[in-house]
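Chain A is the first sequence line, chain B the second, and so forth, proteins listed ahead of strands; every chain is numbered from 1.
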2 protein chains.
Amino acid sequence: MYSSELIKGTLKTIILKLLSDNDKMYGYEITHKVKELTGGKIQLTEGALYPTLHALEAQGILSTDVVNVGNRIRKYYSVTPSGKKVATEKVNEFSEFLDTMIFLLDLQPKVG
Amino acid sequence: MYSSELIKGTLKTIILKLLSDNDKMYGYEITHKVKELTGGKIQLTEGALYPTLHALEAQGILSTDVVNVGNRIRKYYSVTPSGKKVATEKVNEFSEFLDTMIFLLDLQPKVG
DNA sequence: AATAATACATAATTTTCTTAGGTATATAAA
DNA sequence: TTTATATACCTAAGAAAATTATGTATTATT
């Protein structure tokens with residue numbers, strides 16, 4: 001688990017990347033997917049996640065589809081057509097930022 | 001210039017890396033060095049820098065040496081012996097975080 | 001029956017940064 | 001010579017983003 005300081009500012013980028021790749025996901029699913037993919041090193045908190053999802057929806061970047069699963073609701077989020085562009089830009093900007101930080105901190109990243 | 005959101009949480013790491021490599025630097029020098037090294041993509045603001053330097057000093061991670069240059073003062077910061085360990089840990093943690101983000105966002109970093 | 005997991009949400013507080021200002025000296029340009 | 005720019009420190013009010021702590025409710029497991 002990384003110090004929360006490090007993860008600051010990455011939430012929107014992570015959400016938009018996952019939703020770009022997965023067509024539709026719901027909040028609870030996002031937190032678990034991120035935890036799984038990072039081996040528990042990044043754990044999104046609901047207090048940060050839900051307000052961010054709501055904000056992205058209000059900005060027209062995400063759209064929602066509320067589904068009933070038994071007696072429980074599940075709110076699926078998808079990237080809107082106009083949101084796709086924003087998502088790509090966010091990820092690209094983060095990628096450039098990483099390159100800058102790798103240079104600045106003189107790091108040797110593992111290449112996948 | 002990256003969106004400020006992206007840079008959030010990286011200030012301490014940047015400061016500690018620069019001071020680890022450069023023995024001693026003063027605040028104004030740090031902002032200019034970072035701007036120079038990143039081609040203007042990262043510009044530290046004084047309102048963020050100085051309080052952080054003061055906090056790191058209060059924590060015993062940095063020590064200061066005030067020098068008179070003409071009639072002006074210049075406050076040099078250095079990493080203390082015990083601070084060296086903190087600095088290394090910070091940079092290492094950031095390095096691991098980068099690897100995690102590269103995997104999570106499916107990025108291909110430039111290798112230096 | 002009690003606990004954990006699923007699934008949503010908000011509100012108070014804290015952390016961190018931005019914006020905007022303040023002080024003062026030295027240098028370059030108009 | 002006055003004005004602007006650069007050097008060099010600093011703080012305080014406010015905004016932004018996250019944490020922590022709750023709250024509601026259903027479903028599955030022990």
If an axis is fit to five pairs at each end of the helix from C/dA1-D/dT30 to C/dA30-D/dT1, what is the angle between the two, to the nearest 10°? 10°

Expressed as a whole number of angstroms, how long is the span from [X]:[atom1] to [N]:[atom2]?
{"X": "B/L49", "N": "D/dA8", "atom1": "CG", "atom2": "P", "answer": "14 Å"}
{"X": "A/L44", "N": "C/dC8", "atom1": "CG", "atom2": "C1'", "answer": "16 Å"}
{"X": "B/N68", "N": "C/dA26", "atom1": "CG", "atom2": "P", "answer": "11 Å"}
{"X": "A/Q43", "N": "D/dT20", "atom1": "CD", "atom2": "C1'", "answer": "15 Å"}
{"X": "A/I30", "N": "C/dC8", "atom1": "CD1", "atom2": "C1'", "answer": "13 Å"}
{"X": "A/D65", "N": "C/dC8", "atom1": "CG", "atom2": "C1'", "answer": "15 Å"}
{"X": "B/K24", "N": "D/dA8", "atom1": "NZ", "atom2": "C1'", "answer": "16 Å"}

Does [X] use its side chain to pair, donor to acceptor, with the backbone of [Y] at less than 3.5 Å?
{"X": "B/T64", "Y": "B/K75", "value": "no"}
{"X": "B/E96", "Y": "B/E93", "value": "no"}
{"X": "B/S95", "Y": "B/V91", "value": "no"}
{"X": "A/S78", "Y": "A/D23", "value": "yes"}

Spell out yes or no: do the side chain of A/R72 and the base of C/dT6 have one donor N/O and one acceptor N/O closer than 3.5 Å? yes

Same cluster (ILVMFWY, side-chain, under 4.5 Å), A/V69 and A/L53: yes

State, yes or no, whether a side-chain contact exists between B/N92 and B/E89 at a heavy-atom distance under 4.5 Å. no

So do the side chains of A/K24 and A/Y77 get within less than 4.5 Å of each other, counting heavy atoms only? no

The contact string for nucleotides 9-18 of chain D, one letter per nucleotide 5' to 3', using protein heavy atoms under 4.0 Å with B, S and - for base, sugar-phosphate only and none, comes out as BBB-----SS

Using distance alone, with no hydrogens and no angle criterion, decide if B/H54 and B/Y50 have a side-chain donor and acceptor under 3.5 Å apart. no

